[in-house]
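In this chain, numbering begins with 1 at the start of the sequence shown. When a ligand or atom number is given, it counts from 1 through the structure's own listing order.
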Amino acid sequence: MNQLAPLRIGHSACPHDCPSTCALDVEIIEGKRIGRVRGAKDNDYTAGVICAKVARYAERIHNPNRLTQPLRRKGEKGAGEWASIGWEDALDEIAEAFVKAEARLGAETVWPYYYAGTMGLVQRDGINRLRHEKRYSGFYGTICTNMAWTGYIAGAGRIAGVDPREMAKSDCVVLWGTNAVATQVNVMTHAIRARKERGAKIVAIDIYQNDTMKQADIALCLKPGTDGALAAAVMHVLFRDGHADRAYLARYTDAAGALEAHLATRTPEWAAAITGLAVSEIEAFATLVGTTKRSFFRLGYGFSRQRNGAVAMHAALSIPAVTGAWQHEGGGAFHSNSGIFHLDKTAIEGLELIDPSVRQLDQSRTGPVLTNDPDALKGGPPVTAMIVQNTNPVSVCPDQTLVKRGFARDDLFVAVHEQIMTDTARMADIVLPATMFMEHDDIYKGGGHQYIIFGGKLIEPPAECRTNHQVITGLARRLGLTHPGFAMSERELIDEMLQGSGWGTLANLEEKRWIDCQSPFETAHFLDGFGHADGKFHFRVDWAAVDNENYGAVGPHAAMPEFPDHWGSIEAADEAHPFRLATSPARSFLNSSFNETPGSITREGRPELMIHPEDAAALGIVEGERVAVGNERGAVTVHARLFEGLKRGVVISEGIWPNSAFEDGNGINTLTGADPVAPFGGAAVHDNKVWVRKAA
Ligand SMILES: Nc1nc2c(c(=O)[nH]1)N[C@H]1C(S)=C(S)[C@@H](COP(=O)(O)OP(=O)(O)OC[C@H]3O[C@@H](n4cnc5c(=O)[nH]c(N)nc54)[C@H](O)[C@@H]3O)O[C@H]1N2
Ligand SMILES: Nc1nc2c(c(=O)[nH]1)N[C@H]1C(S)=C(S)[C@@H](COP(=O)(O)OP(=O)(O)OC[C@H]3O[C@@H](n4cnc5c(=O)[nH]c(N)nc54)[C@H](O)[C@@H]3O)O[C@H]1N2
Ligand code: SF4
Ligand SMILES: [Mo]
């Protein structure tokens with residue numbers, strides 16, 4: 001081998017849609033290729049640890065299957081026949097299609113469509129500048145965070161919480177509805193430090209014995225969609241046994257007396273019947289958090305991906321407000337820090353051009369939107385032209401049958417800007433090849449931590465790949481747009497944003513690598529007031545008033561409980577659908593990303609259904625057998641994996657595999673629903689009733 005190959009280390013941040021946003025050290029070989037990727041040791045959140053899939057990023061970035069030139073569809077939509085075309089022609093065609101569509105049906109018929117495949121603020125959000133100047137339909141990005149954030153804001157008033165590094169100073173870390181070992185490994189670094197250094201107990205609350213549950217001291221395995229019942233019963237015990245901090249409640253919360261009265265009937269026995277937990281498990285957990293003032297509630301996303309998810313998040317978040325854990329170092333709660341960075345994104349997104357009368361279309365309802373459901377279209381014109389960046393809706397969006405039908409429409413023009421030929425790119429009229437993060441400049445902010453990190457371009461992209469920013473500015477030029485952001489480089493946009501937000505210059509950030517934006521202790525622990533106008537934590541919620549983005553309340557929001565409770569809005573099992581299915585994340589994939597890399601595919605194997613051995617036996621199903629799983633929305637075929645670590649009646653299918661990995665091409669989101677989730681939308685991807693049988 002070439003022992004003399006010069007190797008240097010470049011600095012970056014992981015751009016993927018993961019709360020960890022790791023600070024990275026990247027081996028660069030001969031200035032051209034990347035080698036091993038490592039977590040930065042001197043970043044005290046990353047602390048030298050990253051996940052295996054990004055450590056072997058070379059196999060993703062140097063993947064022979066990468067898209068490297070623009071393509072135009074030849075045959076039918078989805079047929080997979082392409083002709084290569086030049087960039088100028090490709091951008092001309094897209095701009096022409098947008099102009100034509102607008103002339104026919106008005107600007108709202110164009111839907112710029114993007115999500116968080118990259119979390120870089122320029123490459124992800126720059127598409128909004130185009131949308132705002134043109135008054136194209138807005139993208140209401142609900143799929144991931146809506147129920148979780150709504151529930152959190154209902155209680156705390158803003159999306160922020162205790163410094164995530166403080167977990168290491170806790171005496172009890174509660175990992176609630178997050179499979180952190182798989183989805184945000186750095187949480188484990190800090191939680192395990194607390195166990196090693198302080199003897200802290202780690203509690204995990206999930207619906208199956210995943211890798212995080214296996215590492216926990218106490219693993220509470222409940223039925224999907226019943227976390228509100230657990231939280232209510234825990235608070236019942238706290239009041240009953242004198243573990244409620246009455247002085248804290250009086251000073252910092254809105255309705256403690258009414259809450260206590262409401263909880264009188266929410267006994268552990270009541271919750272045991274709903275959750276499937278033993279009364280003794282609920283009592284022991286309540287006593288632990290009641291007697292451990294430094295209890296840190298690390299609230300994940302998973303348990304919010306239920307139709308009652310907003311209520312469940314708010315209920316879990318209410319526990320530290322009853323114990324007063326917020327007052328103590330290492331105590332309180334954390335979900336996301338998205339609310340702390342106060343970044344001025346005017347130039348990146350063209351915020352001064354926003355017209356609030358332009359409709360927003362809900363990402364989680366992509367299927368109904370593209371199949372012309374009048375309610376999903378909010379009474380406006382059908383969508384007839386799209387550009388898609390950083391997301392793979394044909395694979396990841398609920399009710400895939402509708403999504404596919406929509407993307408197959410002859411009167412819909414679709415351009416997809418992608419790194420690989422995804423299920424969505426396959427349905428496009430024009431495919432544009434995209435750079436990966438080490439091939440462009442961008443800036444990232446933590447969700448699970450408190451740093452802003454710069455990730456500069458480290459190597460040249462292959463062949464003709466272009467950045468998202470180049471594509472958006474190329475279209476803007478053709479459409480005659482004049483916002484100054486279109487004439488700026490990525491670096492100029494970043495520099496302007498940083499300076500406008502009071503975080504210094506890009507040059508300064510590049511030198512320091514990251515900026516610690518942690519709010520002071522008093523603020524992070526809400527000791528100077530919660531985010532609501534009255535400064536209090538809210539136990540009592542008027543759900544329709546929590547609206548953060550002015551989309552308007554949807555779904556059965558009027559029936560939502562006022563106080564923490566079990567809300568029976570989930571898709572309960574019934575005679576025809578005796579199982580509850582969750583589609584939990586796979587460790588070696590990240591949503592639909594990495595499901596194309598050989599190392600991840602080898603580790604994940606094939607699409608499977610985890611089912612309790614007794615349920616399998618009752619259906620005559622044996623290990624590894626092909627099984628059909630279905631409901632009113634459709635059916636998929638997978639292989640059975642007999643697994644004792646879940647409750648009877650619960651089944652799990654891990655990971656978002658490409659649709660082509662399934663017989664008949666039906667991916668797992670064939671089974672998930674696109675009905676509007678109360679109160680403000682979102683995707684209840686872990687909340688599905690299904691039948692299971694031997695496959696034909
Ligand atoms: N390896 C890997 N990492 C990822 C991702 C991935 O796909 N793979 N996805 C990334 C993204 S976009 C996000 S948003 C984060 C999400 O990361 P998390 O916050 O961890 O959320 P989820 O992955 O949706 O689900 C976490 C756990 O919640 C469980 N769960 C489902 N329903 C319930 C319930 O009703 N109650 C309880 N208590 N638990 C329930 C699931 O079984 C799962 O084990 O992870 C990111 N990181
Ligand atoms: N069944 C089920 N469905 C789910 C979930 C689940 O747990 N179960 N999780 C849901 C959640 S939490 C989320 S966040 C969504 C995520 O859904 P997506 O946002 O679609 O998922 P990703 O795989 O993160 O990213 C999508 C694409 O972005 C591309 N990409 C990355 N960087 C760039 C770039 O710089 N430029 C361009 N042009 N493209 C880029 C990648 O190649 C990838 O194909 O899925 C949701 N769907
Ligand atoms: S996917 Fe998450 S854990 Fe892995 S490197 Fe990226 S930010 Fe870190
Ligand atoms: Mo997500």
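- Short contacts between ligand 1 and Asn210, defined as distances under 4.0 Å to a heavy atom of the residue, involve ligand atoms 44 (O).
- A cation-pi contact, defined as under 6.0 Å to the ring centre and within 45° of the axis, is absent between Arg124 and Tyr114.
- Among all protein heavy atoms, the one lying closest to atom 36 (N) of ligand 2 is Asn468 OD1, 2.8 Å.
- Close N/O approach between Asn392 and ligand 2 is found [any backbone or side-chain N/O within under 3.5 Å].
- With a 4.0 Å heavy-atom cut-off, ligand 2 is reached by no atom of Ile420.
- When each atom of ligand 2 is checked for a heavy atom of Leu590 under 4.0 Å away, the hits are 23 (O).
- Shown in contact with Arg60 at under 4.0 Å from a heavy atom are these atoms of ligand 2, numbered in order with element: 41 (C), 42 (O).
- Atom 21 (O) of ligand 2 has its closest protein heavy atom at Asn591 CB, 3.5 Å.
- Closest to atom 43 (C) of ligand 1 by heavy atom, among Val185, Ile207, Asp206, is Asp206.
- Residue Arg587 touches ligand 1 through its backbone alone, judged by heavy-atom distances below 4.0 Å.
- Regarding atom 38 (N) of ligand 2, its nearest protein heavy-atom neighbour is His417 O, 2.8 Å.
- Counting only heavy atoms from C-beta outward, the side chains of Cys397 and Ile143 approach each other to under 4.5 Å.
- Here the heavy atom of the protein found nearest to atom 6 (Fe) of ligand 3 is Cys14 SG, 2.4 Å.
- Close approach to Gln306 involves these atoms of ligand 1, each under 4.0 Å from a residue heavy atom: 32 (N), 33 (C), 34 (C), 35 (O).
- Within the 4.0 Å heavy-atom shell around ligand 2 one does not find Arg124.
- At least one heavy atom of Lys53 sits closer than 4.0 Å to an atom of ligand 1.
- Residue Thr583 places at least one N or O, backbone or side chain, under 3.5 Å from an N or O of ligand 2.
- Tyr45 and His449 have tilted rings, their planes meeting at an angle from 30° to 60° on a 0 to 90° scale.
- Shown here, atom 26 (C) of ligand 2 is in close reach of the protein: a heavy atom of it lies under 4.0 Å off.
- Heavy-atom proximity to Pro585, at under 4.0 Å, picks out these atoms of ligand 1: 6 (C), 7 (O), 8 (N), 22 (P), 23 (O), 25 (O).
- Note on Cys51: not counted as a metal contact of atom 8 (Fe) of ligand 3, no N/O/S atom lying under 2.8 Å.
- The backbone and the side chain of Thr391 each have at least one atom closer than 4.0 Å to an atom of ligand 2 (non-hydrogen atoms only).
- At a heavy-atom distance under 4.0 Å, no atom of Gln123 approaches ligand 2.
- Looking from atom 12 (S) of ligand 2 to the surrounding protein, the closest heavy atom is Arg305 NH2, 3.2 Å.
- Considering Arg466, Lys457, Arg66 in turn, Arg66 is the only one that fulfils the salt bridge (charged side-chain N to carboxylate O under 4.0 Å, His left out) rule with Glu439.
- The side chain of Asp227, and not its backbone, has at least one atom closer than 4.0 Å to an atom of ligand 1 (non-hydrogen atoms only; side chain from C-beta on).
- The ligand atoms of ligand 3 that sit less than 4.0 angstrom from a heavy atom of Val54 are 1 (S), 4 (Fe), 5 (S), 6 (Fe).
- At a heavy-atom distance under 4.0 Å, no atom of Met436 approaches ligand 2.
- Atoms of ligand 1 lying under 4.0 Å from at least one heavy atom of Phe589, given by number and element, are 1 (N), 2 (C), 6 (C), 7 (O), 8 (N).
- Across the listed options Phe303, Tyr301, Trp176, Tyr301 owns the non-hydrogen atom lying nearest to atom 19 (O) of ligand 1.
- Of the heavy atoms in Ala180, none comes closer than 4.0 Å to ligand 1.
- In this structure, the protein non-hydrogen atom closest to atom 4 (C) of ligand 2 is Ile656 CD1, 3.4 Å.
- Only the side chain of Tyr208 comes within 4.0 Å of ligand 1, judged by heavy-atom distances.
- For ligand 1, the atoms lying closer than 4.0 Å to a non-hydrogen atom of Gly300 are 19 (O).
- Taking 4.0 Å as the cut-off between side-chain N and carboxylate O, Arg38 and Glu27 count as a salt-bridged pair.
- The protein heavy atom nearest to atom 14 (S) of ligand 2 is Asp17 OD2, 3.1 Å.
- When only non-hydrogen protein atoms are considered, atom 32 (N) of ligand 2 lies nearest to Gln419 NE2, 3.1 Å.
- With Cys18, Ala52, Pro19, Gly228 as candidates, the residue nearest to atom 15 (C) of ligand 1 on a non-hydrogen basis is Pro19.
- The backbone and the side chain of Thr118 each have at least one atom closer than 4.0 Å to an atom of ligand 2 (non-hydrogen atoms only).
- Classified by interplanar angle (parallel below 30°, tilted 30° to 60°, perpendicular above 60°), the ring pair Phe437/His16 is perpendicular.
- Atoms of ligand 1 lying under 4.0 Å from at least one heavy atom of Pro224, given by number and element, are 35 (O).
- By heavy-atom distance, the residue among Asn669, Thr670, Asn390 lying nearest atom 3 (N) of ligand 2 is Asn669.
- Residue, atom and distance of the protein heavy atom nearest to atom 13 (C) of ligand 2 are Ile143 CG2, 3.8 Å.
- A salt bridge links Asp687 with Arg307: at least one charged nitrogen is closer than 4.0 Å to a carboxylate oxygen.
- Residue-level proximity to ligand 2 for His16 is absent, since no heavy atom of it falls below 4.0 angstrom.
- Those atoms of ligand 1 with a heavy atom of Cys144 less than 4.0 angstrom away are 14 (S).
- Heavy atoms of Leu590 found under 4.0 angstrom from ligand 3 belong exclusively to the side chain.
- The aromatic rings of Phe594 and Tyr57 sit perpendicular, their planes meeting at an angle over 60°, well past the 30° parallel limit.
- Counting protein heavy atoms only, atom 2 (Fe) of ligand 3 is closest to Cys18 SG, 2.4 Å.
- Ring geometry for Tyr113 versus Phe407: interplanar angle over 60°, hence perpendicular rather than tilted (30 to 60°).
- Looking at Ser592 against ligand 2, both its backbone and its side chain come within 4.0 Å, counting heavy atoms.
- In Gln363, neither the side chain nor the backbone holds a heavy atom less than 4.0 Å from any atom of ligand 2.
- In the candidate list Glu596, Met119, Glu418, Glu418 is nearest to atom 41 (C) of ligand 2, counting heavy atoms.
- When Thr672, Thr422, Val396 are checked for heavy-atom proximity to atom 46 (C) of ligand 2, Val396 turns out nearest.
- Remark: ligand 2 atoms within the under-4.0 Å shell around heavy atoms of Tyr115 are 14 (S), 19 (O).
- Contacts between Thr183 and ligand 1, counted as non-hydrogen atom pairs separated by less than 4.0 Å, involve both the backbone and the side chain.
- The protein heavy atom nearest to atom 8 (Fe) of ligand 3 is Cys22 SG, 2.3 Å.
- Between Glu349 and Arg131 there is no salt bridge, since none of the side-chain N atoms of the basic residue sits less than 4.0 Å from a carboxylate O of the acidic one.
- Taking the six-membered ring for Trp and thresholds of 30 and 60 degrees, Phe139 and Trp111 have ring planes inclined between 30 and 60 degrees apart.
- Within the listing of ligand 1, atoms 20 (O), 26 (C), 27 (C), 44 (O) sit less than 4.0 angstrom from a heavy atom of Asn179.
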